[in-house]
Amino acid sequence: MNPFVFSTTAQIVFRPGAATAIGDLVKQKLGRRVLFVTDPGLRRLGLCQPALASLTASGIETTVFDGVEADPSLATVMAAAGAAKAANVSGVIGFGGGSSLDVAKVVALLCGSGEQLNDAWGVGNAKGPRLPLALVPTTAGTGSEVTPVSIITVGGDEKRGVSSPIILPDLAVLDPDLTLGLPADITAATGIDAMVHAIEAYASKSANNNPLSKMLARQALQLLGANIEKAVFDGKNRAARGAMLLGSMLAGQAFANSPVAAVHALAYPIGGTFHIPHGLSNALVLPHVLRFNAPDAASIYAEIAADVFPDLGSEQGDQRRCAAFIERLARLSLKLGLQSRLRDVGIGEEHLAGMAREAMKQTRLLVNNPREIGEANALSIYRAAW
């Protein structure tokens with residue numbers, strides 16, 4: 001067995017209604033002055049209010065920063081860090097989708113260590129320490145509450161990441177009730193995103209691909225596959241919402257340690273240039289990347305096919321099962337109401353060559369792909385998706 005390292009969040013609380021008691025959960029970990037990082041939509045909808053009331057009831061002085069946008073910018077990170085420093089906070093809470101959680105991670109690092117963000121970009125460069133940190137996801141997709149990565153937009157369309165176990169939080173609070181109001185399209189896109197995390201983690205060529213990640217990826221796919229349609233079409237189904245939230249978290253643990261690959265690499269130019277949501281960007285290229293990978297990865301995909309679609313367990317032969325798996329994934333996105341072609345989201349054919357060039361910059365992801373992929377391959381995949 002190859003040596004590996006597995007890192008994850010120190011404590012995970014999964015309980016409906018847990019966010020309404022967050023004060024009790026964090027007061028021993030985060031201290032008496034916290035920064036609460038969220039986005040304006042959640043604040044406007046009142047989704048934050050029960051958590052904020054719980055913090056107040058527990059005697060915790062809370063400074064709210066609700067300026068996080070999709071694909072959060074460097075300016076947003078620095079504004080949040082400035083608010084944290086001005087309030088002399090002792091801990092940070094991230095509450096929301098992946099963007100809010102990613103901002104909270106970096107703010108905790110900057111305020112706890114005093115280091116410059118330019119010195120922390122990349123893999124393993126953050127020195128720490130960070131402030132105590134708790135993360136509360138309100139979508140079932142990114143798994144950011146258990147990943148050691150934060151992605152920030154630093155200028156125009158350029159994204160940079162901080163990747164270090166130092167920014168794994170002390171506590172993740174999974175409250176299915178927070179996801180009950182998610183619109184169907186967001187539920188679908190984030191759910192497919194979580195499935196992509198698990199699929200790519202399972203098939204990753206990373207030297208750190210390990211038995212724990214593989215086990216978690218398969219459990220994630222079983223939960224996600226059995227519940228994504230229920231969650232999309234019956235959004236008040238608490239059991240389905242909880243299964244999706246847990247599945248997203250398990251997939252996050254898997255890919256945090258066995259990194260994702262070409263689906264994400266090719267999705268980034270779609271999101272970065274055309275501002276398409278990350279989950280939908282993944283869904284648009286997923287079947288086409290898997291078809292490209294199939295000559296080298298059919299047996300791997302065949303192993304997990306029945307985790308998502310149990311009836312595929314009776315499909316004989318790796319090639320047939322792999323092909324059926326990919327076709328079913330493509331049909332699932334359509335069934336969930338997601339756009340299926342790049343042209344459907346306003347991307348012109350003339351943009352494909354530039355996107356292929358951009359995708360080649362994601363070397364940290366491409367090295368994990370089961371089949372070597374070059375710019376010409378990426379362009380062919382985009383054309384198939386167009």
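Being a predicted model, the structure only gives us computed values, none of them experimental. What you see below is based on every heavy atom in this structure, not just the backbone, and it leaves out hydrogens, waters and symmetry mates.
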For side chain to side chain donor-acceptor pair (under 3.5 Å), just list the numbers for Thr62 and Arg33, CA-CA rounded to whole Å, side-chain angles, deciding distance to a tenth of an Å, and then say yes or no. CA-CA 6 Å; Thr62 307; Arg33 291 184 308 279; over 6 Å; no
So Glu358 and Tyr268, side chain to side chain contact (heavy atoms under 4.5 Å, CB included) or not? Walk me through it. CA-CA 8 Å; Glu358 283 297 308; Tyr268 277 147; over 6 Å; no
Please lay out, stage by stage, how Asn208 and Asn257 fare under the test side chain to side chain donor-acceptor pair (under 3.5 Å). CA-CA 7 Å; Asn208 204 58; Asn257 294 280; 4.7 Å; no
Salt bridge (charged side-chain N to carboxylate O under 4.0 Å, His left out) evaluation trace for Glu61 with Arg32: CA-CA 6 Å; Glu61 183 181 331; Arg32 292 295 178 180; over 6 Å; no
Any chance you could lay out the salt bridge (charged side-chain N to carboxylate O under 4.0 Å, His left out) test for Glu315 and Arg320, step after step, and finish with the verdict? CA-CA 7 Å; Glu315 191 73 57; Arg320 287 171 58 91; 2.9 Å; yes
Side chain to side chain contact (heavy atoms under 4.5 Å, CB included), that's the test. Do Tyr202 and Asn209 meet it? Break it down for me. CA-CA 8 Å; Tyr202 191 87; Asn209 196 339; over 6 Å; no
Trace of the side chain to side chain donor-acceptor pair (under 3.5 Å) decision for Gln362 with His264: CA-CA 9 Å; Gln362 300 295 330; His264 275 74; over 6 Å; no
Determine, step by step, whether Arg218 and Asp307 satisfy the salt bridge (charged side-chain N to carboxylate O under 4.0 Å, His left out) criterion, reporting the C-alpha distance in whole Å, the side-chain angles of both residues, the deciding distance to 0.1 Å, and the verdict. CA-CA 6 Å; Arg218 297 193 72 163; Asp307 291 326; 2.7 Å; yes
Report the C-alpha separation of Glu303 and Ser299 in whole Å, then their side-chain angles, then the decisive distance to 0.1 Å, and conclude whether the side chain to side chain donor-acceptor pair (under 3.5 Å) test is met. CA-CA 6 Å; Glu303 289 172 3; Ser299 62; 5.3 Å; no
Working for salt bridge (charged side-chain N to carboxylate O under 4.0 Å, His left out), residues Arg15 and Asp177: CA-CA 9 Å; Arg15 186 173 72 246; Asp177 288 356; over 6 Å; no
Walk me through it: do Ile192 and Leu338 pass the test side chain to side chain contact (heavy atoms under 4.5 Å, CB included)? CA-CA 10 Å; Ile192 294 292; Leu338 296 176; 3.9 Å; yes
For side chain to side chain contact (heavy atoms under 4.5 Å, CB included), just list the numbers for Val149 and Ser163, CA-CA rounded to whole Å, side-chain angles, deciding distance to a tenth of an Å, and then say yes or no. CA-CA 4 Å; Val149 179; Ser163 178; 3.7 Å; yes
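Within a 6.0 Å radius of CD in Gln116, other residues, nucleotides and ligands contribute 12 heavy atoms or fewer. More than 12 heavy atoms of other residues, nucleotides or ligands sit less than 6.0 Å from atom CZ of Arg343.
Between the CG atom of Leu266 and the CE atom of Met360 there is a distance of 6.0 Å, given to the nearest 0.5 Å. Between atom NZ of residue Lys29 and atom CG of residue Leu133 there is a gap of 11.5 Å, rounded to the nearest 0.5 Å. Considering OG1 of Thr190 and CG of Leu245, their distance stands at 10.0 Å, rounded to 0.5 Å. Taking CD of Glu145 as the start and CG of Leu168 as the end, the distance is 11.0 Å to the nearest 0.5 Å.
Arg371 forms a cation-pi arrangement with Phe292, by the criterion of a distance under 6.0 Å to the ring centre and an angle within 45° of the ring axis.
For the side chain to side chain contact (heavy atoms under 4.5 Å, CB included) with Val13, the lone residue among Val136, Leu171, Leu174 that qualifies is Leu171.
Below 30°, between 30° and 60°, or above 60°: for His351 and Phe274 the angle between ring planes is above 60°, a perpendicular geometry.
Between Asp311 and Arg328 there is a salt bridge, with a side-chain nitrogen of the basic residue lying less than 4.0 Å from a carboxylate oxygen of the acidic one. With respect to Glu375 and Lys361, no salt bridge is recorded, no charged nitrogen being found less than 4.0 Å from a carboxylate O.
Within the 3.5 Å criterion, the main-chain N or O of Ser54 finds a donor-acceptor partner in the side chain of Ser58. Using modelled atom types, no side-chain atom of Gln11 and backbone atom of Thr9 make a donor-acceptor pair closer than 3.5 Å.
A heavy-atom distance below 4.5 Å is not found between the side chains of Asp39 and Asp66. Val367 places none of its side-chain heavy atoms less than 4.5 Å from the side chain of Lys205. Side-chain contact check for Thr187 versus Arg241: some heavy-atom pair is nearer than 4.5 Å.
Note: Phe95 and Phe36 meet the aromatic proximity criterion, with ring centroids under 6.0 Å apart.
In the hydrophobic clustering of ILVMFWY residues, with side-chain heavy atoms under 4.5 Å counting as a link, Leu182 and Leu336 come out apart. One hydrophobic cluster, built from ILVMFWY side chains closer than 4.5 Å, cannot hold both Ile22 and Leu35; they sit in different ones. In the hydrophobic cluster analysis, where Ile, Leu, Val, Met, Phe, Trp and Tyr join through side-chain heavy atoms closer than 4.5 angstrom, Met215 is grouped apart from Val260. The hydrophobic clustering, which links ILVMFWY residues whose side-chain heavy atoms are closer than 4.5 Å, places Val345 and Tyr382 together. No chain of hydrophobic side-chain contacts below 4.5 Å, direct or via other Ile, Leu, Val, Met, Phe, Trp or Tyr residues, connects Leu221 to Leu216.
Residues Asn210 and Asn2 have side chains that never bring a donor and an acceptor to within less than 3.5 angstrom of each other. Side-chain contact of Tyr301 with Asn293: a donor-acceptor pair under 3.5 Å is present, judged by distance alone.
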